[in-house]
Amino acid sequence: MRGVGGADELRVTSEHELLTSFRSFVRSEGARLYRDLPWRNTRDPYAVWISEVMLQQTQVPRVQTRWGAWLEHFPSVFALAEASAAEVLGEWQGLGYNRRALALKSAAEIVVNDYDGVFPTEVRSLTALPGIGPATAQGIRAFAFNLPGVYLETNVRAVFLHHLYPDAPAVPDRELIDPIERTCPGLDAPYAQPQDDTDTPQAWYWALLDYGAELKRLVPNPSRRSRSYAKQSRFEGSRRQKRAEIVRILLAAQGQALDLETITAKLNQVELLAARPHVGTDLVQEIMADLSVEGFCVDTGCAWTIA
DNA sequence: GTCCGGCAGT
DNA sequence: ACTGCGGGAC
């Protein structure tokens with residue numbers, strides 16, 4: 001672990017002072033860079049949950065254009081639980097990673113059936129819901145319930161790597177857990193004694209996110225020095241590009257069943273227009289099997305309809 | 001080409 | 001630990 005900010009800003013004599021000054025620095029940057037995002041003006045767990053899932057591997061500007069529309073279409077966990085998969089996928093189009101939309105609907109059904117529509121607050125209960133992993137669970141806890149925890153996602157990771165591990169080449173996430181715990185307001189550590197009533201988990205993580213986003217514009221992405229960093233595969237021409245196109249084709253069919261040849265033909269119209277190679281029915285067959293297993297569509301013998 | 005307020009299956 | 005999964009802005 002190394003110094004905070006610049007070496008001249010602070011003279012660090014102990015880990016305690018290091019984390020304490022780190023905290024006040026991030027709080028101050030967070031205040032300066034605060035983003036008044038729409039989902040930050042509610043504490044409705046449903047609305048916060050939707051924002052957290054939309055924000056998984058998806059940049060803020062895209063979510064800003066879609067979060068409000070989703071809440072108008074599906075205003076409550078009950079509305080979402082009762083919606084059809086096609087309706088949910090339709091509202092999701094453009095956000096990417098379509099399985100998130102199906103997970104949202106499945107989780108909504110569980111919250112309605114098992115929790116009477118009231119969102120759980122325990123990490124174990126939250127991560128048991130489809131589409132909610134450790135990061136999203138802590139995000140919901142911090143932003144909807146103002147509960148402390150280890151919220152470790154890319155912006156938070158960038159801030160801690162930049163300030164506490166400036167030269168380490170491959171830092172595992174487990175190294176970050178301790179300092180994150182020690183700096184979160186409300187966790188049992190001397191650094192985390194609340195300064196005032198605005199010193200909350202919610203405000204702390206907003207500050208980390210806002211400062212982390214700014215940091216990544218100023219320096220090369222510190223998260224590259226995370227051991228969990230992985231370069232992502234090419235999208236253009238990929239299987240998942242075709243898969244997403246097939247979902248669009250099924251949605252456009254409005255519940256009508258399409259056979260393998262029809263789906264392949266429609267897909268190849270798109271591929272041809274984009275000057276990509278012709279796709280064979282074998283690959284389409286494979287993708288349809290995956291989509292069926294994942295609940296995107298139902299296999300009606302030799303044809304598929306959107307679920 | 002890079003990255004995004006990750007998750008789930010293997 | 002590794003891989004598949006979307007789509008657009010830069």
Q. Quick one, which residues of residues 208-223 of chain A touch DNA chain B with a heavy atom under 4.0 Å?
A. Leu209(A), Lys216(A), Asn221(A)
Q. Which value, in whole Å, describes the distance between the P atoms of nucleotides dT3(C) and dG5(B)?
A. 24 Å
(Q) Just the rounded figure in Å: distance from P of dC7(B) to CZ of Arg240(A). (A) 17 Å
Q. Atom CG of Leu102(A) and atom P of dC7(B): how far apart are they, to the nearest Å?
A. 17 Å
Taking distance alone, no hydrogens or angles, what donor-acceptor pairs closer than 3.5 Å link side-chain atoms of residues 116-128 of chain A to residues at least two apart or in another chain?
unit_1    : atom_1 : unit_2    : atom_2 : d
Thr127(A) : OG1    : Val123(A) : O      : 3.0
Thr127(A) : OG1    : Arg124(A) : O      : 3.4

Q: Only counting residues at least two apart or in another chain, list the ones meeting side-chain hydrogen bond (donor to acceptor under 3.5 Å, both in side chains) with Arg234(A).
A: none
Q.
Here's a test of your reading of the structure: between Gln93(A) and Ala230(A), which maps to the more 5' nucleotide of DNA chain C?
A. Ala230(A)
Enumerate, atom names and distances included, each donor-acceptor pair closer than 3.5 Å involving a side-chain atom of residues 300-307 of chain A, sequence neighbours excluded.
unit_1    : atom_1 : unit_2    : atom_2 : d
Thr300(A) : OG1    : Ala303(A) : O      : 2.9
Trp304(A) : NE1    : Ser292(A) : OG     : 3.2

Q: Return the minimal non-hydrogen interatomic distance between Asp210(A) and Tyr34(A), and the atom names on each side.
A: OD2-CA, 3.3 Å
What nitrogen or oxygen pairs link the protein and nucleotides 8-10 of chain B at under 3.5 Å?
unit_1 : atom_1 : unit_2    : atom_2 : d
dA8(B) : OP1    : Gly131(A) : N      : 2.6

Q: Would you please confirm or rule out a distance under 4.0 Å between OP1 or OP2 of dG5(B) and any side-chain N or O of Thr154(A)?
A: no
(Q) When you measure only distances, ignoring hydrogens and angles, does the side chain of Trp39(A) come within 3.5 Å of the base of dG5(B) through a donor and an acceptor? (A) yes
**Q.** Integer-rounded Å distance: dG5(B) C1' and Asp36(A) CG
**A.** 16 Å
**Q.** P gap between dG8(C) and dC7(B), integer Å
**A.** 23 Å
Q: In whole angstrom, give the distance that lies between atom CG of Asn98(A) and atom P of dG6(B).
A: 18 Å
(Q) Using modelled atom types and a 3.5 Å cut-off, is there a donor and acceptor pairing between side-chain atoms of Tyr97(A) and backbone atoms of Gln56(A)? (A) no
Q. Reckon Trp92(A) touches a base, only the sugar-phosphate, or nothing at all at heavy-atom distances under 4.0 Å?
A. nothing
Q.
Using every non-hydrogen atom in the two residues, find where Val112(A) and Val77(A) come nearest and quote the distance to one decimal.
A. CG2-O, 3.8 Å
Q | Pairwise 5' ranking along DNA chain B for Ala135(A) and Arg234(A), keeping only the more 5' one | A | Arg234(A)
Q.
Under 4.0 Å, heavy atom to any atom of DNA chain C: which of residues 265-296 of chain A qualify?
A. none
Q) How close do Glu236(A) and Gln241(A) get, heavy atom to heavy atom, and via which atoms? A) OE1-NE2, 3.2 Å
Q) Is there a donor N/O on one and an acceptor N/O on the other, under 3.5 Å, for the side chain of Gln232(A) and the base of dC4(B)? A) yes
(Q) Can you confirm whether or not the ring centre of Phe160(A) sits under 6.0 Å from the ring centre of Phe22(A)? (A) yes
Q.
Once side-chain contact (heavy atoms from CB on, under 4.5 Å) is applied, do any residues pair with His16(A), and if so which ones, sequence neighbours excluded?
A. Ser14(A), Thr20(A), Pro190(A), Tyr191(A)
Q.
Check this one for me: any side-chain N or O of Arg35(A) less than 4.0 Å away from OP1 or OP2 of dG5(B)?
A. no
Q: Taking all non-hydrogen atoms of both residues into account, name the closest pair between Ala85(A) and Leu102(A) and its distance.
A: CB-CD2, 4.0 Å
Q) Would you say Lys266(A) has more than 12 foreign heavy atoms packed within less than 6.0 Å of its NZ? A) no
Q: Could you tell me the separation between the CD1 atom of Ile140(A) and the P atom of dG6(B), rounded to a whole number of Å?
A: 13 Å
Q. When the ring planes of Trp206(A) and Phe143(A) are compared, do they come out parallel, tilted or perpendicular, using 30° and 60° as the limits?
A. parallel
Q. Looking just at side-chain N and O atoms, do Asp36(A) and Asn41(A) make a donor-acceptor pair shorter than 3.5 Å?
A. yes
(Q) Please give me every residue in residues 45-71 of chain A whose heavy atoms get under 4.0 Å of an atom in DNA chain C, ordered by residue number. (A) Gln57(A), Thr58(A), Gln59(A), Arg62(A)
Q: For Ile180(A) and dG5(B), give me the distance from atom CD1 to atom P, rounded to whole Å.
A: 16 Å
Q. By side-chain contact (heavy atoms from CB on, under 4.5 Å), which residues pair with Asn146(A), not counting sequence neighbours?
A. Arg43(A), Thr200(A), Pro201(A), Gln202(A)
Q: Check every nucleotide of DNA chain C for an atom under 4.0 Å from a heavy-atom of chain A, then give the first and the last such nucleotide from 5' to 3'.
A: dG4(C) to dG8(C)
Q. What residues in residues 248-255 of chain A put a non-hydrogen atom under 4.0 Å from any atom of DNA chain B?
A. none
Q. For Leu104(A) and dG6(B), what is the distance between atoms CG and P respectively, to the nearest whole Å?
A. 15 Å
Q) With a 4.0 Å cut-off on heavy atoms, is Tyr205(A) in touch with a base, just the backbone sugar-phosphate, or nothing at all? A) nothing
Q) Between dG6(B) atom C1' and Gln138(A) atom CD, what is the distance in whole Å? A) 14 Å
Q) Which residues, ordered by chain and number, are linked to Val298(A) in its hydrophobic cluster, where ILVMFWY side chains connect at heavy-atom gaps below 4.5 Å, directly or through other members? A) none
**Q.** Audit row: Arg248(A), Glu245(A), salt bridge (Lys or Arg N to Asp or Glu O under 4.0 Å) steps and yes/no
**A.** CA-CA 5 Å; Arg248(A) 265 179 245 123; Glu245(A) 188 54 48; 2.3 Å; yes
(Q) Assess the residue pair Thr198(A) and Arg27(A) against the criterion (side chain to side chain donor-acceptor pair (under 3.5 Å)); give the C-alpha distance rounded to whole Å, side-chain angles, the decisive distance to 0.1 Å, and a yes or no. (A) CA-CA 10 Å; Thr198(A) 68; Arg27(A) 286 189 72 193; 3.2 Å; yes
Q. Which distance, rounded to the nearest 0.5 Å, do you find between the CZ of Arg141(A) and the OH of Tyr151(A)?
A. 13.0 Å
Q) How far apart are the C-alpha atoms of Glu87(A) and Lys105(A), what are their side-chain angles, what is the distance that settles it, and do they pass the salt bridge (Lys or Arg N to Asp or Glu O under 4.0 Å) test? A) CA-CA 10 Å; Glu87(A) 206 177 342; Lys105(A) 178 178 163 41; over 6 Å; no
Q) If you round to the nearest 0.5 Å, how far is CD1 of Ile287(A) from CD1 of Ile246(A)? A) 4.5 Å
